[in-house]
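Below is one structure; the comments refer to it alone.
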Amino acid sequence: MKALLSSTSVVCAMVASTAWGGEIWVTNEKDDTVSVIDTDTLEVIKTYETGERPRGITFSKDFSRLYICASDSDAVQVMDPETGKILHDLPSGEDPEQFVLHPDDTHLYIANEDDAITTVVNTQTRKVVAQIDVGVEPEGMAVSPDGKIAITTSETTNMAHWIDTQTQQLFANTLVDSRPRHAEFAKDGSEMWVSSEIGGTLTVFDTATQTERAKISLDVKGVHPDRVQPVGFEFTTNDTHAFVALGPSNHIAVVNAGTFEVEEYILVGRRVWHMAFNADKSRLFTTNGVSGDVTVIDVASRKALKSIKVGRFPWGAAFRPSP
Amino acid sequence: MTVNHMIRTSWALALCLVCSVGRAEITLDVGYLKIAVPTPPTLSDLDPIPENNGLAGAETGLQDNLTTGKFLGQGYTLTHETVPEGDDPLAKAAEMLAASPFLILDAPAETLLAIADLPQAQNALLFNATAGDLSLRDADCRANLLHTLPSDVMRTDALAQVLVKKRWNDLVMITGVFPKDIAYAEAIRRSLRKFGLTLSDEKIWDAGADMRRTAAQEIPLFTQDFGDYDALIIADELHDFGRYVLYNTWAARPVVGSEGLSARTWYPVIEQWGASQLQSRFEEQHNREMTSQDYAAWAAIRTLGEAMTRTNSTDIKTLRDYILSDAFELAGFKGRPLTYRTWNGQLRQPIALVHPRALVAQAPLEGFLHQTNELDSLGLDRPESKCEAY
């Protein structure tokens, strides 16, 4: 009874600490589903079916549409998040793995992993606008806040490819360490960060010159460097810190984005892939592929609060406010 | 600075990158030489060895290199030759080395050494993509010969780790009569000693012996006098009789080694760590599944590609130095960076433990520790190797 009481009070404290409600949507790669987690109760409230091998996931600006990379269905699916119904598929090219929605809320930039191509799709007309040749196994996708630059990282070519979104042409190709997996712009677009899974590093580029500003090595005590494999990452409020998923080392690194120093490592579930924040970025939800759960991290205290069981091999994560 | 201005500036800065797409400024020419050897007949024809075994992997690796190279103004070519049985492999090797010092080899150990010792090979970089012989990583090593195929002992060490983990300590073995079987059996004995396991009995499967019924009918009798044991090891690297042993043993015990639970360099069931992407890329290009030999040839040409990407050089010394340096790492779809052992030129790599339908484990297994790199718990470690060429 005492245990029950204390756990209840923990939940109450959690509810009180959150400014407003929301949901984290998680793709389950080997279950062909999305799980919806309530960011206040920290429970799975809904599970919807998707196409085969869902990975990348993102919402439209007004959160009325959910885009899902159904990799093995060779489609980007558009779901109505109110009903969980798939409204239609978008032409996506083969094997879409990750994508990014342009700030114009219309164009999706999609990495076609098997084809060494980035496909640009207009979500309104449902037409392919452009296909851009990139390196082998494109995966990480990012777009600058002003929408002028899109990035594709290619895992086997080991490059970040810089796309001019007006001409849909590459204007630079920059080498990074082995197996780049994820890219994000930071600090109003002045920096572009890339994680290298096998290289075990993050490369920070100066956007204006596409030159390397810093390289951050990650090193978890007691874990062989080979197993410290940075993949997804997200920035905290004002981009002061990056929270970086380290794959099979089962940790999240907290990197100071000003000094480029690693401040902390947080133990989470097994083979952590990607993550999403709640509404006020007070909590971070990480997808743990092998353990099949989502770890909730309190951002201020940098402590893991809870693990939430989802489907098999959770991969992508996206936030939307409660309807 | 406006963003438009920013993009214009970056266009100018990136100009050389843009104009170089599709037009190589430097090109690396790679040779692939196969020395044909006779293959003894096997009981089953179910799994023919593909004609382009190995070469197909090099071709897929070439494509990967070309895609990367087009963004850097770097080109690659691949020239392949086969020396028919009975012809002189050394003459052809010398001819190819005159054209390019980078040569991937599909040849038995003694031919590899003869090629490595050619005067034309002294300033060359050769890749052994087919021979698992321990001696090539030991006293017979050569400074100009790297090995992308794991040694037999790397594979048998991987198997032994699983046996230790499963506590299958009491083992018996059936060995074929071909040289590859005998070499594999020797590697098994070495690995069992290394990991403190017991080989309590051994038998030889001699197809020439008095086998009057089918193998399936012979196996129960053949295995009856093993008595009790934990697992049966098959040393049948040509895949002749081993496939008939499973489910036909007298005792109900697992079969491991060349059949059953098997340690492989590469196998179609490997799908983790992005491997399914390499598998599907390969299958699309060649209409068949990727073998270990394909993987080793892929790794060889990708090694050269990775070194050229990072050094922007085709100079043999620059590339060799980079490949053997701490900076080198190859993303080989095995969940860890692949690097070369600086004491014998062997490519370090995890080894898959598979059955025909799934991956069972990946060695090094958790708990098998090493003072510098757990991958060195597989195969000849620095203090054990008698290689002095490096």
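Letters A, B, ... are given to chains in the order of the sequence lines, protein chains preceding strands, and every chain is numbered from 1.
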Distance check, rounded to the nearest 0.5 Å: [X] atom [atom1] versus [Y] atom [atom2]?
{"X": "A/M159", "Y": "B/F71", "atom1": "CE", "atom2": "CZ", "value": "7.0 Å"}
{"X": "A/H224", "Y": "B/H370", "atom1": "NE2", "atom2": "NE2", "value": "9.5 Å"}
{"X": "B/K334", "Y": "A/D226", "atom1": "NZ", "atom2": "CG", "value": "13.5 Å"}
{"X": "A/D72", "Y": "B/S276", "atom1": "CG", "atom2": "OG", "value": "8.0 Å"}
{"X": "B/F333", "Y": "A/I198", "atom1": "CZ", "atom2": "CD1", "value": "9.5 Å"}

I'd like to verify something: which residue of B/E284, B/R281, B/R302, B/E306 has the highest number of heavy-atom pairs under 4.5 Å with chain A?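 Greatest number of close heavy-atom pairs with chain A: B/R281.
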Among B/E374, B/Q63, B/R310, residue most engaged with chain A (heavy-atom pairs, under 4.5 Å):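 Ranked by heavy-atom pairs under 4.5 Å with chain A, first place is B/R310.
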Contact between [X] and [Y] at the side-chain level, heavy atoms closer than 4.5 Å - yes or no?
{"X": "B/D64", "Y": "A/E137", "value": "no"}
{"X": "B/L278", "Y": "A/T156", "value": "no"}
{"X": "B/T309", "Y": "A/L175", "value": "yes"}

If only atom types and distance count, is the side chain of A/Q229 paired as donor or acceptor with the main-chain N or O of B/G335 below 3.5 Å?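 A pair under 3.5 Å: yes.
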Is it the case that more than 12 heavy atoms not belonging to [X] sit under 6.0 Å from its [atom1] atom?
{"X": "A/Q168", "atom1": "CD", "result": "yes"}
{"X": "A/D188", "atom1": "CG", "result": "no"}
{"X": "B/K166", "atom1": "NZ", "result": "no"}
{"X": "A/R270", "atom1": "CZ", "result": "no"}

Need one label for A/E139: side chain, backbone, both or neither, based on atoms under 4.5 Å from any heavy atom in chain B.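 Answer is neither: A/E139 stays 4.5 Å or more from chain B.
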Given a strict heavy-atom distance threshold of 4.5 Å, which part of A/P248 is in contact with chain B: side chain, backbone, both, or neither?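 Only the side chain of A/P248 comes within 4.5 Å of chain B.
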Most contacts with chain B, counted as non-hydrogen pairs under 4.5 angstrom, among A/T211, A/D133, A/D95: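 Option with the greatest count: A/D133.
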What residue, out of A/A116, A/G247, A/P225, A/G135, has the most heavy-atom pairs lying under 4.5 Å from chain B?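 Ranked by heavy-atom pairs under 4.5 Å with chain B, first place is A/G135.
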Proximal component of [X], with respect to chain A [non-hydrogen, under 4.5 Å]:
{"X": "B/T339", "result": "neither"}
{"X": "B/N373", "result": "both"}
{"X": "B/R336", "result": "both"}

Nearest heavy-atom pair of A/R179 and B/G274: which atoms, and what distance?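 So the two residues come closest at NH2-CA, 3.5 Å.
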What pair of heavy atoms forms the shortest contact from A/D114 to B/S280, and how long is it?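 Taking every non-hydrogen atom into account, OD2-OG, 3.5 Å.
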